[in-house]
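Written below as structure tokens is the structure these notes are about.
Here is the naming used below: chain letters follow the sequence lines, and residue numbers restart at 1 for every chain.
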Number of protein chains: 2
Amino acid sequence: MNLGFAAEMPETGGLLERLEEAQRLDDLQTAIEDLRDRYRVDHLVYHWVSANGTQYGCGTYDPVWVQRYLEKGYLRIDPVVIGCYQHFHPVDWKRLDWSSKAARAFQKDAIAHGVGNQGYSIPIRGPNGQFAVFSVSHNCDDEDWEEFTETNRRDLILVAHYFNQKALELEPGRTPEPAQPLSPREVEAMTLLAVGYSRAQVAETLSISEHTLRVYIESARYKLGAMNTTHAVARALSRGLIVV
Amino acid sequence: MNLGFAAEMPETGGLLERLEEAQRLDDLQTAIEDLRDRYRVDHLVYHWVSANGTQYGCGTYDPVWVQRYLEKGYLRIDPVVIGCYQHFHPVDWKRLDWSSKAARAFQKDAIAHGVGNQGYSIPIRGPNGQFAVFSVSHNCDDEDWEEFTETNRRDLILVAHYFNQKALELEPGRTPEPAQPLSPREVEAMTLLAVGYSRAQVAETLSISEHTLRVYIESARYKLGAMNTTHAVARALSRGLIVV
DNA sequence: TTTTGCCTCACTATTTCTGGGGAGTTGGAA
DNA sequence: TTCCAACTCCCCAGAAATAGTGAGGCAAAA
């Protein structure tokens with residue numbers, strides 16, 4: 001029955017198996033270094049993307065560059081992150097938008113710190129709005145890179161998937177709150193707020209009093225651990241509880 | 001350099017290639033039927049999950065069952081959907097929570113309509129909180145099923161990925177609006193608002209007066225075509241202009 | 001060189017939101 | 001049956017956000 005899209009071949013050395021059996025985050029770091037050597041590329045990186053500081057990452061970049069990236073807040077500038085966030089399918093770095101001044105400055109800085117001129121990144125999304133990026137980077141011409149990505153893109157999707165699976169499993173402090181679901185009415189309220197309705201309009205649309213609506217918003221805010229309505233809507237969106 | 005995790009083998013008949021070249025949603029339906037025949041399983045299904053009704057789906061279930069599923073609102077009861085929503089990795093149906101009365105009633109109804117006793121489902125997440133499930137179902141004993149899933153799980157992850165990619169590409173109404181970019185300061189302001197800061201806190205964090213901050217918010221709101229701050233943050237989030 | 005976009009600051013009046021209360025019904029789960 | 005979660009409604013005062021203006025400096029692009 002095996003159609004062989006992802007057939008395990010002898011020469012892989014069971015890398016995916018090893019990944020599946022990883023017990024600690026250190027094992028991921030070892031695995032990613034091993035994988036880099038086998039692919040014979042300059043860098044492989046897997047990292048989470050989130051605004052709230054605490055985020056996991058492993059890879060083969062120069063630690064100086066990683067430190068600099070975090071300090072400079074490059075997460076908000078990096079066209080790779082922005083581009084991945086907007087897409088589902090893997091993206092080649094060449095096809096991203098590098099037009100802004102900040103992006104070009106970032107690119108220059110990155111290359112100066114050893115990041116390759118070529119790159120291919122895979123966006124990965126987990127429950128509760130978890131978002132991560134798996135990137136492979138190398139120094140070579142367009143033609144070689146084209147061949148490499150064409151040959152390996154399916155592998156890379158799988159590798160990215162397994163990295164994310166393990167990172168989610170092993171990262172402590174993940175799922176402290178079991179993502180308290182919103183009630184149907186709360187979902188409606190949050191959704192309408194997210195599309196720009198004022199409280200009065202939402203109440204009218206839902207055919208309830210504004211007082212009642214407020215109870216829902218309060219309740220949703222409490223469940224989401226949000227400071228205010230805007231925060232609550234943002235959380236509901238990024239956790240995938242509402243869709244606009 | 002190909003490590004062969006996802007090596008294309010001759011006997012696949014280039015099914016993933018065909019999937020990549022699909023031009024219409026009909027092609028997905030053809031592809032999923034073809035895939036079912038090749039895997040020699042009872043059913044394959046790919047469908048979106050979203051609160052707002054409109055959702056795409058294709059598969060080999062009895063149309064009567066699909067109709068019934070939608071009418072009865074099984075989307076909110078189905079342990080497969082709920083389980084997938086909470087996990088990242090594929091799940092075997094046996095490992096889900098079927099304990100509630102509603103779930104057991106649903107299961108009975110499903111089997112009565114031709115759904116297999118065994119199943120394996122893969123959650124898939126795209127941008128803007130998009131969420132879909134790719135399921136394979138069959139009638140057999142636990143041992144055979146174990147062998148099937150063990151053999152094909154990596155294939156299935158890839159197939160699910162490609163189905164989602166195509167569905168996102170082909171489904172109308174998903175055309176991202178020409179997202180007018182925000183200035184760096186506007187991005188900072190929107191991001192801080194999205195993580196729950198009040199205007200006063202944002203202004204302090206950015207070391208600017210609240211008056212100035214207001215100008216950014218207004219400007220961002222105008223660029224995003226938003227009615228109010230909450231709306232603006234929601235749009236910035238779902239267009240991937242900011243990351244929380 | 002002119003225009004355009006970005007960053008910075010200010011005022012006033014009005015509308016909207018938030019944070020405290022309290023209270024009743026219904027339907028499903030333990 | 002009892003309990004709980006969800007849904008509905010009400011009051012009030014203070015905090016926050018919005019709408020309508022205004023202005024100047026600076027840097028890059030046309």
Side-chain angles (χ1 to χ4, degrees), chain A residues 76-77 99-105 178-194 196-235 241, chain B residues 51 72-73 76-77 79 82 97-106 179-194 196-234 241:
Chain A
R76 305 199 188 296
I77 297 168
S99 62
S100 86
K101 204 170 63 175
R104 280 195 302 269
Q180 211 171 359
L182 300 180
S183 77
R185 235 27 184 164
E186 286 160 356
V187 171
E188 290 181 293
M190 288 292 115
T191 304
L192 291 172
L193 288 172
Y197 285 33
S198 71
R199 291 206 312 204
Q201 289 174 311
V202 174
E204 200 193 339
T205 306
L206 297 181
S207 305
I208 56 176
S209 76
E210 198 177 326
H211 307 285
T212 303
L213 173 69
R214 276 174 48 193
V215 177
Y216 295 145
I217 300 175
E218 290 277 303
S219 167
R221 216 177 56 209
Y222 177 76
K223 287 180 181 174
L224 295 163
M227 313 282 288
N228 51 47
T229 302
T230 299
H231 192 196
V233 168
R235 286 206 157 171
L241 301 174
Chain B
K72 291 250 182 183
R76 303 199 188 288
I77 297 168
I82 294 169
D97 176 21
W98 297 92
S99 61
S100 85
K101 206 166 62 178
R104 279 195 301 270
F106 163 77
Q180 199 177 359
L182 301 180
S183 78
R185 225 46 176 154
E186 286 160 356
V187 171
E188 290 181 291
M190 288 292 115
T191 304
L192 291 171
L193 288 172
Y197 285 33
S198 71
R199 292 207 309 203
Q201 289 174 310
V202 174
E204 199 192 340
T205 305
L206 298 182
S207 305
I208 55 175
S209 76
E210 198 176 326
H211 306 286
T212 303
L213 173 69
R214 277 174 46 195
V215 177
Y216 295 145
I217 300 175
E218 288 280 301
S219 166
R221 212 173 63 206
Y222 177 75
K223 286 181 182 173
L224 295 163
M227 314 283 288
N228 51 45
T229 302
T230 299
H231 192 195
V233 168
L241 301 174

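- For B/Ala234, the side chain to side chain contact (heavy atoms under 4.5 Å, CB included) partners at least two apart in sequence or on another chain are A/Ala194, A/Val233, A/Leu237.
- Between the CD atom of B/Glu188 and the CG atom of B/Leu182 there is a distance of 11.5 Å, given to the nearest 0.5 Å.
- The nearest whole Å value for the distance from the NE2 atom in A/His211 to the C1' atom in D/dT8 is 12 Å.
- An OP1 or OP2 oxygen of C/dT8 is reached within less than 4.0 angstrom by a side-chain nitrogen or oxygen of B/Tyr216.
- Applying the side chain to side chain contact (heavy atoms under 4.5 Å, CB included) test to B/Ile77 and every residue at least two apart in sequence or in another chain returns B/Tyr74, B/Ala102, B/Phe106.
- Atom P of nucleotide C/dG5 and atom NZ of B/Lys223 are separated by 9 Å, given to the nearest angstrom.
- Rounding to whole angstrom units, CG of residue A/Leu213 and C1' of C/dT16 are separated by 12 Å.
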When every nucleotide of nucleotides 21-28 of chain C is labelled 5' to 3' by its protein contacts under 4.0 Å (heavy atoms), B for base, S for sugar-phosphate only, - for none, what sequence of letters results?
-> --------
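- Here the C1' atom of nucleotide C/dT16 and the CD atom of A/Gln201 are 12 Å apart, to the nearest Å.
- Qualifying side chain to side chain donor-acceptor pair (under 3.5 Å) partners for B/Ser209, counting only residues two or more places apart in sequence or in other chains: B/Thr212.
- Nucleic acid contact for A/Ser183: sugar-phosphate only, since backbone atoms but no base atoms lie under 4.0 Å from a heavy atom of the residue.
- Look at CD on B/Glu186: it is 6 Å from P on C/dC6, rounded to the nearest Å.
- Nearest heavy atoms, B/Tyr197 versus B/Thr205: CE2-OG1, 3.4 Å.
- For the salt bridge (charged side-chain N to carboxylate O under 4.0 Å, His left out) test, no residue two or more places apart in sequence or in another chain qualifies with B/Glu204.
- Between A/Leu206 atom CG and D/dC9 atom P there is a gap of 11 Å when expressed in whole angstrom units.
- Among the protein residues, B/Ser209 comes within range of the sugar-phosphate backbone only, with heavy atoms under 4.0 Å from sugar or phosphate atoms but none that close to a base.
- For B/Ser207, the side chain to side chain donor-acceptor pair (under 3.5 Å) test picks out no residue, with sequence neighbours left out.
- Between the CG atom of A/Leu182 and the P atom of D/dC7 there is a distance of 10 Å, given to the nearest Å.
- B/Arg221 meets the side chain to side chain contact (heavy atoms under 4.5 Å, CB included) test with B/Glu218, B/Ala226, B/Ala232; sequence neighbours excluded.
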Heteroatom pairs (N/O) under 3.5 angstrom, protein to nucleotides 15-19 of chain D:
| residue | atom | partner | partner atom | Å |
| --- | --- | --- | --- | --- |
| D/dA17 | OP1 | B/Arg199 | N | 3.4 |
| D/dA17 | OP2 | B/Arg199 | NE | 3.4 |
| D/dT18 | OP1 | B/Thr229 | N | 3.0 |
| D/dT18 | OP1 | B/Thr229 | OG1 | 2.7 |
| D/dT18 | OP2 | B/Thr229 | OG1 | 2.6 |
| D/dA19 | OP2 | B/Glu218 | OE2 | 3.4 |
| D/dA19 | OP2 | B/Arg221 | NH1 | 3.3 |
| D/dA19 | OP2 | B/Arg221 | NH2 | 2.0 |
| D/dA19 | N6 | B/Arg214 | NH2 | 2.4 |

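- Qualifying side chain to side chain contact (heavy atoms under 4.5 Å, CB included) partners for A/Ala105, counting only residues two or more places apart in sequence or in other chains: none.
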